[in-house]
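Below is one structure; the comments refer to it alone.
Excluded from the calculations below are hydrogen atoms, water molecules and symmetry mates; all remaining heavy atoms, backbone and side chain alike, are included. Every chain is numbered from 1 and lettered A, B, ... according to where its sequence line falls, protein lines coming before strand lines. Owing to the predicted nature of the structure, the values given are computational and were not obtained by experimental measurement.
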2 protein chains.
Amino acid sequence: MPTIKDVARKAGVSVGTVSRVLSKNESVKQPLKERVLAAMKELDYKPNLAARALRTNSIDVIGLVVPDITNPFFSQLAKNIEMEAAKRGHSVMLANSHDDAEAEQTQIAALLDRAVCGVIVVATSDGGQTHKADVPIVSLDRRFGPYPLVATDHFDGSAKIADHLVGLGHRRIAYIAGPQSMEVARQRREGFVARIKALSTPEDPITLTVHEGHFDYDSGEDIGRSILKDTSQETRPTAIAAASDQQAIGVLRCARDLKIAIPADLSVTGFDDIALAALVVPRLTTLRQPIEQLAGSAVARIFAGEAAADEAIAGEIVVRESTGNIPNS
Amino acid sequence: MPTIKDVARKAGVSVGTVSRVLSKNESVKQPLKERVLAAMKELDYKPNLAARALRTNSIDVIGLVVPDITNPFFSQLAKNIEMEAAKRGHSVMLANSHDDAEAEQTQIAALLDRAVCGVIVVATSDGGQTHKADVPIVSLDRRFGPYPLVATDHFDGSAKIADHLVGLGHRRIAYIAGPQSMEVARQRREGFVARIKALSTPEDPITLTVHEGHFDYDSGEDIGRSILKDTSQETRPTAIAAASDQQAIGVLRCARDLKIAIPADLSVTGFDDIALAALVVPRLTTLRQPIEQLAGSAVARIFAGEAAADEAIAGEIVVRESTGNIPNS
DNA sequence: CTGAAAGCGCTTACAG
DNA sequence: CTGAAAGCGCTTACAG
């Protein structure tokens, strides 16, 4: 492997000059610059990144720690972060915390040891220690320690779902919430409840029941079943809004078991817009999280280098087949 | 950040000695060693990895390039590779090739530039250039260039599926293959066809039709529809084996549309055992790829440091609800 | 077994 | 605008 010295010799300049054309910003005069560039090309020179890292104490690598890369939402995030990073010539180092706060600490520390230029963490849970790092750390999707959070505007997203359902004529609605120990679950619920309250009037009241569960399929199926065991069309909810697509898909399953037609007899909504949402039968109406923007903003913050305020990015409702007008009764 | 020098001073030894206890292998006498260890702990010393990398020209990082981390199979692989690497104190640098051979080249080169200690590549397609690297490169799942391949034994896996179906009494079987330009698709088809041929006898003949498609949902749905448009129970296949779970799930969809009961009227099998396979209704019988072993073997090869032969790891059939005895007729 | 010293390949004040 | 030189924090022959 040729070094900067070889290039300098071949171009007949000093290594300092070569280094300066490498970093572009310095003003090396045109003729010299060209000689250097030519020498680099001829030698097929590639800078030794480790040497550069030693000097500058930072490498063109962004650290990313997610609870589980196998979760489709996180892998989407990872993909977009990797693309954003690549655009700027950076790589990403990936770590899984396996939903374990301790492992999360270890992983972040390991990343920091490697002198990454910043780390993006999707926290295992709300909380998280402070790290003594002189590079930016940003929380994505789920708040981590004292670091600024980039996330979907869950409150607003849920409100959009509420608008959609009420607009369709639904007046008896059930909401399946996520675990209220999680900030995101609380925000989604609060956004939904608040909008329903605002829309409900004495002349045209809306009945809302809230059921807390986990974010997964089974939880949706179980809670859905308990909601739908009321077989009276007169009193049973005409719409179920779930705090996650997985829950909503669980509801779809149990509705099928119960021979309840969707959306004819019941409207169902999710939240996230995972890939499966568009594949399931019927296709799920949901709120799409703005993954590209989330990734873009998180990466931008790493490059901005300085802490900034939290950012809530609005999602978009995508209306598919699982919602429809209130059943005639 | 304290450096090795600070530790040396505090322990009253030379930096060489500190370095030697750091690398463990050298024989530093017990009393000295303890003083050094104590000094390191007291100072909360952490080695500067960039400096080490500069000297040794390699870092404790494995490069991984996948076509698309969003693909559940690849994300499973990534997760397991990351875990294996972590066990040995290594991190992984992740890159997506976006199914583009050129991007793949670029990504591998970038990883190599970063002096990773090896790279694992899940190729975009068969083919792939040779890289001039002095670290191990191994192909995983899909063959990349001249590098040794670690993959599921697709041939054997398909044969297991064939055994299962024939054992259930099926004698009219359709096979949906993947694109025959891909080695894995060919192996799966060949394994299936060969076993069926071996099992078919003049007294008890098996009819097999093969249909080539892509590996995705839509392809499965389309081909399934064309197979099942023959509505005669007498001549229509009683089982469809697909070369991927996605195809099989597509078949499930179209069977539902066509009001064909599974497994009462038709058995369906997939290949891969993606998470969705266990979620779909009815749950899919499929061949589970040995992801942990694949990841483990790939990582082990990086550490072994030397090229080795290809390795085919046997998968395991997982029987669920989508297969059953041949319909009585 | 331990120390002194060279050197990995860069970047960056400091001169000129 | 360019060069000479110091130094980033390690590792590793080389002596002793």
How long is the span from the CG atom in B:Asn80 to the CD1 atom in A:Ile69, to the nearest 0.5 Å? 12.5 Å
Does the side chain of B:Ser97 pick up a donor-acceptor pair with the side chain of B:Gln107 at under 3.5 Å? no
Give every donor-acceptor pair under 3.5 Å between a side-chain atom in residues 87-95 of chain A and any protein atom, sequence neighbours left out.
from: A:Lys87; atom 1: NZ; to: A:Glu84; atom 2: OE2; distance (Å): 3.0
from: A:Ser91; atom 1: OG; to: B:Arg114; atom 2: NE; distance (Å): 2.8
from: A:Ser91; atom 1: OG; to: B:Arg114; atom 2: NH2; distance (Å): 3.4

Listing request: all side chain to side chain donor-acceptor pair (under 3.5 Å) pairs with a residue in residues 55-77 of chain A, at least two apart in sequence or in separate chains. A:Asp68-B:Lys79
With sequence neighbours excluded, residues passing ring-ring contact (aromatic ring centres under 6.0 Å, His included) with B:His98: none
Heavy-atom check, side chain of B:Ser139 versus side chain of B:Val121, under 4.5 Å: no
A:Lys29 NZ to D:dC1 P, in whole Å, measures 8 Å
Dot-bracket notation for DNA chain C, counting Watson-Crick and G-U pairs under 3.5 Å, with | for partners on another strand: |||.||||||||.|||
Under a 4.0 Å heavy-atom criterion, the protein footprint on nucleotides 8-16 of chain D, written with B, S and -, is BBBBBB---
So does B:Ala11 get a backbone contact from the side chain of B:Arg35, meaning a donor-acceptor N/O pair under 3.5 Å? yes
Output side-chain donor-acceptor pairs under 3.5 Å for residues 37-51 of chain A, partner residues at least two apart or in another chain, one line each.
from: A:Glu42; atom 1: OE2; to: A:Lys10; atom 2: NZ; distance (Å): 3.4
from: A:Asn48; atom 1: OD1; to: A:Ala50; atom 2: N; distance (Å): 2.8
from: A:Asn48; atom 1: OD1; to: A:Ala51; atom 2: N; distance (Å): 2.9

